[in-house]
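Have a look at this one before I ask anything.
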Amino acid sequence: RIRFGGQEKPLEAGRARFALAADSLRVGDNTVLVDIVEPDGDVEPQRITLGLDYRLMVDTAPLAAGKSSVDVVVIARPGSHVVLDGAKLDLDPQGRGVRTDAIDLAEASAVGTYEHVVRYRVQPPSGEPVLGEERTKIAVTSLHIDRPGNALVTDRDAVEIAGAVAK
């Protein structure tokens with residue numbers, strides 16, 4: 001058995017699976033401490049290396065800033081080659097790249113969600129290429145303004161607005 005992060009799992013063909021928080025490993029090699037639990041109960045501490053070749057995430061922060069876009073952020077081992085939706089993404093010398101995708105949330109307001117899909121291929125400097133897709137759902141609502149209308153000119157300090165919004 002192997003003990004890691006407060007959990008103990010059986011080894012099957014020399015492998016075990018542990019759930020990790022998304023930010024628990026950095027891109028590159030990570031040395032972690034584990035305990036090997038022998039059948040007789042003896043515990044032997046070990047250091048193992050877990051390699052993380054890349055991390056891809058969709059950042060919705062531009063939406064909060066009032067922009068109709070999201071950022072696709074890739075952090076990979078330096079020297080990796082990344083393709084997003086068929087187009088090469090250039091990485092800086094540290095292995096980071098960002099692509100900004102414009103999105104049209106008006107199309108999604110009727111159904112209440114917008115799904116942003118990114119298909120990717122990451123080729124680390126050594127190792128096999130990884131193909132995948134990242135799906136991000138964004139909740140969307142619309143505001144329908146009944147009055148005062150589309151064109152209002154006033155000299156008042158305040159204007160009453162009436163309309164409706166979905167729950």
* Is it the case that more than 12 heavy atoms not belonging to Arg26 sit under 6.0 Å from its CZ atom? -> yes
* Reported CG-to-OH distance for the pair Leu56 and Tyr120, which is rounded to 0.5 angstrom -> 6.0 Å
* Asked: Do Leu20 and Leu25 come close enough that some side-chain heavy atom pair is under 4.5 Å?
  ->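 Result yes, sub-4.5 Å side-chain heavy-atom pair found.
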* Partners meeting salt bridge (charged side-chain N to carboxylate O under 4.0 Å, His left out) with Arg96 (sequence neighbours left out) -> none
* Spacing of OG1 belonging to Thr31 relative to CD1 belonging to Ile48, to within rounding of 0.5 Å -> 9.5 Å
* If you look at every heavy atom in Ser80 and Pro125, which pair is closest and at what distance? -> OG-CD, 3.3 Å
* To do: Could you check if a side-chain atom of Arg17 sits within less than 4.5 angstrom of a side-chain atom of Lys9, using non-hydrogen atoms only?
  => no
* Going from CZ on Arg77 to CG on Leu91, what distance comes out if it is rounded to the nearest 0.5 angstrom? ->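 Spacing of CZ (Arg77) from CG (Leu91) equals 13.5 Å.
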* With a 4.5 Å limit on heavy-atom distance, are the side chains of Asp53 and Val122 in contact? ->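 The answer is no, as the side chains (C-beta and beyond) never meet within the 4.5 Å cut-off.
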* What is the minimum heavy-atom distance between Ile75 and Val27, and which atoms define it? ->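 Shortest heavy-atom contact: O-CG2, 3.5 Å.
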* **Pairwise distance CD(Glu44) to CD1(Ile36) - rounded to 0.5 angstrom** =>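 Spacing of CD (Glu44) from CD1 (Ile36) equals 7.0 Å.
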* Could you tell me whether the side chain of Asp40 and the main chain of Asp42 form a donor-acceptor pair under 3.5 Å? => yes
* Interatomic spacing from CG in Leu50 to CG in Asp29 - rounded to 0.5 Å -> 9.0 Å
* Structure fact -> Which of Asp35, Leu33, Val34 passes side chain to side chain contact (heavy atoms under 4.5 Å, CB included) with Pro45? It is Asp35
* Asked: So, does Asn30 use its side chain to make a donor-acceptor pair with the main chain of Gly28 at under 3.5 Å?
  ->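 Judged by distance alone, yes, a pair lies under 3.5 Å.
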* **Partners meeting salt bridge (charged side-chain N to carboxylate O under 4.0 Å, His left out) with Lys67 (sequence neighbours left out)** => none
* To do: Can you run down the salt bridge (charged side-chain N to carboxylate O under 4.0 Å, His left out) pairs that involve residues 134-147, sequence neighbours left out, and say none if there aren't any?
  => Glu115-Arg135, Glu133-Arg135, Arg147-Glu160
* Structure fact -> In this structure, CG of Asp101 is separated from OG of Ser69 (nearest 0.5 Å) by 8.5 Å
